[in-house]
Amino acid sequence: VQLQASGGGLVQAGGSLRLSCAASGRTFDSHAMGWFRQASGKEREMVAAISWSGGSTDYADSVKGRFTISRDNAKNTMYLQMNNLKPEDTAVYYCAAGPVNSPIISIMAIPPEVPYWGQGTLVTVSS
(Lines give C-alpha, C1' and ligand atoms only; values in the text may rest on other atoms or scores of the structure.)
Protein backbone atom coordinates (compact mmCIF):
# COMPACT_ATOMS: atom_id res chain seq x y z
CA VAL A 1 0.00 0.00 0.00
CA GLN A 2 1.27 3.47 -0.85
CA LEU A 3 0.37 6.41 1.37
CA GLN A 4 0.14 10.14 0.64
CA ALA A 5 -0.33 12.58 3.49
CA SER A 6 -1.65 16.11 3.07
CA GLY A 7 -3.27 18.94 4.96
CA GLY A 8 -0.40 20.38 6.95
CA GLY A 9 0.19 24.08 7.24
CA LEU A 10 0.65 27.06 9.52
CA VAL A 11 -2.00 27.73 12.15
CA GLN A 12 -2.23 29.83 15.28
CA ALA A 13 -2.45 28.26 18.69
CA GLY A 14 -6.01 27.23 19.43
CA GLY A 15 -6.74 26.63 15.77
CA SER A 16 -7.59 23.46 13.88
CA LEU A 17 -6.28 21.44 10.97
CA ARG A 18 -7.36 18.21 9.33
CA LEU A 19 -4.74 15.90 7.90
CA SER A 20 -5.61 13.34 5.25
CA CYS A 21 -3.80 10.18 4.20
CA ALA A 22 -4.82 8.77 0.84
CA ALA A 23 -3.87 5.17 0.15
CA SER A 24 -3.49 3.23 -3.04
CA GLY A 25 -3.99 -0.51 -3.31
CA ARG A 26 -6.83 -2.91 -2.66
CA THR A 27 -5.95 -3.91 0.89
CA PHE A 28 -6.47 -0.57 2.65
CA ASP A 29 -9.31 -1.94 4.77
CA SER A 30 -7.10 -4.77 6.01
CA HIS A 31 -4.47 -2.56 7.65
CA ALA A 32 -4.40 -0.97 11.04
CA MET A 33 -3.14 2.56 10.54
CA GLY A 34 -1.82 5.48 12.47
CA TRP A 35 -0.36 8.95 12.58
CA PHE A 36 3.11 9.66 13.90
CA ARG A 37 4.97 12.91 14.31
CA GLN A 38 8.55 14.02 14.67
CA ALA A 39 9.48 17.43 15.99
CA SER A 40 12.85 18.95 15.28
CA GLY A 41 15.49 17.36 17.47
CA LYS A 42 13.10 14.82 18.93
CA GLU A 43 12.29 11.19 18.33
CA ARG A 44 9.30 10.11 16.31
CA GLU A 45 6.23 9.41 18.42
CA MET A 46 2.87 7.80 17.81
CA VAL A 47 0.01 10.29 17.84
CA ALA A 48 -3.02 8.14 17.07
CA ALA A 49 -3.88 4.66 15.86
CA ILE A 50 -6.97 3.10 14.35
CA SER A 51 -7.97 -0.48 13.67
CA TRP A 52 -8.77 -1.72 10.17
CA SER A 53 -12.50 -1.35 10.78
CA GLY A 54 -12.23 1.98 12.58
CA GLY A 55 -13.87 0.45 15.61
CA SER A 56 -10.85 0.86 17.87
CA THR A 57 -8.69 3.91 18.34
CA ASP A 58 -5.87 4.95 20.61
CA TYR A 59 -4.13 8.24 21.27
CA ALA A 60 -1.00 9.59 22.83
CA ASP A 61 -1.78 11.22 26.17
CA SER A 62 -0.58 14.56 24.84
CA VAL A 63 -3.34 14.72 22.22
CA LYS A 64 -6.27 12.99 23.93
CA GLY A 65 -9.38 15.12 23.81
CA ARG A 66 -7.95 17.34 21.07
CA PHE A 67 -7.22 15.01 18.14
CA THR A 68 -9.55 12.53 16.46
CA ILE A 69 -8.44 9.79 14.10
CA SER A 70 -10.89 8.31 11.61
CA ARG A 71 -10.94 6.43 8.34
CA ASP A 72 -13.21 5.98 5.36
CA ASN A 73 -12.46 2.58 3.86
CA ALA A 74 -14.70 3.28 0.87
CA LYS A 75 -12.44 6.22 -0.01
CA ASN A 76 -9.15 4.57 1.02
CA THR A 77 -8.47 7.56 3.23
CA MET A 78 -7.54 8.15 6.85
CA TYR A 79 -7.91 11.45 8.67
CA LEU A 80 -6.58 13.25 11.71
CA GLN A 81 -8.72 16.10 12.97
CA MET A 82 -6.59 18.32 15.18
CA ASN A 83 -8.31 20.89 17.38
CA ASN A 84 -7.03 23.31 19.98
CA LEU A 85 -3.56 23.08 18.52
CA LYS A 86 -0.59 24.05 20.68
CA PRO A 87 2.91 25.17 19.70
CA GLU A 88 4.24 21.85 21.00
CA ASP A 89 2.19 20.09 18.29
CA THR A 90 4.57 21.55 15.71
CA ALA A 91 6.14 18.64 13.84
CA VAL A 92 6.25 16.70 10.63
CA TYR A 93 3.30 14.33 10.66
CA TYR A 94 3.48 10.94 8.96
CA CYS A 95 0.76 8.45 8.18
CA ALA A 96 1.58 4.78 8.42
CA ALA A 97 0.02 1.37 7.90
CA GLY A 98 0.68 -1.93 9.60
CA PRO A 99 0.99 -5.22 7.74
CA VAL A 100 -2.07 -6.79 6.09
CA ASN A 101 -4.50 -8.10 8.73
CA SER A 102 -2.53 -6.31 11.43
CA PRO A 103 -4.17 -5.47 14.77
CA ILE A 104 -4.14 -1.93 16.13
CA ILE A 105 -1.45 -2.94 18.60
CA SER A 106 1.01 -3.16 15.71
CA ILE A 107 0.79 0.63 15.44
CA MET A 108 1.04 1.13 19.20
CA ALA A 109 4.04 -1.16 19.66
CA ILE A 110 7.43 0.22 20.54
CA PRO A 111 8.98 0.15 18.01
CA PRO A 112 5.88 0.20 15.80
CA GLU A 113 5.38 -2.70 13.41
CA VAL A 114 4.88 -0.47 10.41
CA PRO A 115 6.17 -1.44 6.98
CA TYR A 116 4.35 1.34 5.12
CA TRP A 117 5.01 5.04 5.56
CA GLY A 118 3.77 8.10 3.75
CA GLN A 119 5.80 11.21 3.20
CA GLY A 120 5.48 13.76 5.94
CA THR A 121 3.35 16.86 6.07
CA LEU A 122 4.53 19.80 8.16
CA VAL A 123 2.30 21.27 10.84
CA THR A 124 3.45 24.53 12.38
CA VAL A 125 1.57 26.05 15.28
CA SER A 126 2.45 29.62 16.16
CA SER A 127 1.95 31.06 19.62
Side-chain angles (χ1 to χ4, degrees):
V1 62
Q2 292 183 320
L3 306 173
Q4 179 85 22
S6 62
L10 174 64
V11 64
Q12 289 188 329
S16 298
L17 280 175
R18 188 174 83 154
L19 305 183
S20 297
C21 178
S24 63
R26 287 185 261 181
T27 62
F28 176 79
D29 60 0
S30 299
H31 298 264
M33 298 191 67
W35 289 95
F36 294 77
R37 68 185 181 187
Q38 186 165 21
S40 179
K42 295 187 176 182
E43 293 187 354
R44 182 186 60 199
E45 62 174 347
M46 189 206 77
V47 175
I50 189 166
S51 63
W52 63 267
S53 68
S56 296
T57 58
D58 191 58
Y59 298 90
D61 288 343
S62 58
V63 307
K64 280 181 180 176
R66 300 188 297 122
F67 290 12
T68 303
I69 189 171
S70 63
R71 65 191 295 165
D72 185 337
N73 286 344
K75 295 182 178 180
N76 276 18
T77 304
M78 175 180 67
Y79 305 96
L80 184 68
Q81 177 67 43
M82 305 185 294
N83 297 329
N84 190 22
L85 283 160
K86 304 176 180 180
E88 52 263 42
D89 294 318
T90 295
V92 178
Y93 284 71
Y94 300 90
C95 59
V100 172
N101 296 325
S102 53
I104 188 174
I105 197 170
S106 65
I107 306 298
M108 300 157 54
I110 300 175
E113 299 168 14
V114 172
Y116 306 106
W117 292 92
Q119 93 295 352
T121 186
L122 177 63
V123 172
T124 303
V125 184
S126 63
S127 57

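None of the values given here were measured: they were computed from a predicted structure.
No more than 12 heavy atoms of other residues, nucleotides or ligands shown are found within 6.0 angstrom of CD on Q2.
Remark: E113 CD to I105 CD1 distance equals 8.0 Å, nearest 0.5 Å. From L80, atom CG reaches atom OG of S70 across 8.5 Å, with rounding to the nearest 0.5 Å. Separation of atoms CG (L19) and CZ (R37) is listed at 11.0 Å; rounding is to 0.5 Å. Here N101 contributes atom CG and S30 contributes atom OG; the two are 5.0 Å apart, rounded to the nearest 0.5 Å. With rounding to the nearest 0.5 angstrom, the OG1 atom of T57 is 6.5 Å from the CD1 atom of I104. Between the OG atom of S20 and the CG atom of L3 there is a distance of 12.5 Å, given to the nearest 0.5 Å.
Side-chain atoms of R71 come within 3.5 Å of backbone N or O of F28 as a donor-acceptor pair. The backbone N or O of G98 lies less than 3.5 Å from a partner atom in the side chain of H31, making a donor-acceptor pair. A donor-acceptor pair under 3.5 Å links the side-chain atoms of N76 to the main chain of G25, judged by distance alone. For the pair Q119 (side chain) and A5 (backbone), a donor-acceptor distance under 3.5 Å is present. Side-chain atoms of N73 come within 3.5 Å of backbone N or O of W52 as a donor-acceptor pair. Y59 places no side-chain N or O within donor-acceptor distance of the main-chain N or O of R66, the cut-off being under 3.5 Å. Judged by distance alone, with hydrogens and angles left aside, the side-chain atoms of S102 form a donor-acceptor pair with the main-chain N or O of A32 at under 3.5 Å.
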Where do V11 and T124 land on the side chain to side chain contact (heavy atoms under 4.5 Å, CB included) test, with the steps shown first?
CA-CA 6 Å; V11 64; T124 303; over 6 Å; no
Trace of the side chain to side chain contact (heavy atoms under 4.5 Å, CB included) decision for Y93 with V47
CA-CA 9 Å; Y93 284 71; V47 175; 4.2 Å; yes
Going through the checks in order, is the salt bridge (Lys or Arg N to Asp or Glu O under 4.0 Å) test met by K64 and D61?
CA-CA 5 Å; K64 280 181 180 176; D61 288 343; 3.2 Å; yes
Apply side chain to side chain contact (heavy atoms under 4.5 Å, CB included) to residues E45 and Q38 and explain how you reach the verdict.
CA-CA 6 Å; E45 62 174 347; Q38 186 165 21; over 6 Å; no
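Between W35 and F67, the distance separating the two ring centers is not shorter than 6.0 angstrom.
For V125 against D89, the heavy-atom pair with the smallest separation is CG2-CB, 4.3 Å. Closest of all the heavy-atom pairs between Q81 and S16 is NE2-CB, 4.0 Å. Residues M82 and L85 approach most closely at CB-CD2, 3.8 Å, considering heavy atoms. T90 approaches A39 most closely through the heavy-atom pair O-CB, 3.6 Å. Taking each heavy atom of Y116 and P99 in turn, the nearest pair found is CE1-CA, 4.5 Å. Y94 and G118 make their closest contact through CD2-O, 3.5 Å (heavy atoms, listed as atom of the first residue, atom of the second, distance).
You'll find the side chain of Y79 stays beyond 4.5 Å of the side chain of C21, heavy atoms only. Within the 4.5 Å cutoff, no side-chain heavy atoms of V92 are placed close to those of T121. By the 4.5 Å heavy-atom criterion applied to side chains, S51 and M33 are not counted as neighbours.
Counting only N and O atoms by type, the side chains of T77 and D72 include no donor and acceptor under 3.5 Å apart.
Hydrophobic clustering places I69 together with V63 (ILVMFWY residues linked when any side-chain heavy atoms are closer than 4.5 Å, directly or through intermediates). Placement of W117 and V123 in two distinct hydrophobic clusters is found when ILVMFWY residues are connected by side-chain heavy-atom separations under 4.5 Å, directly or transitively.
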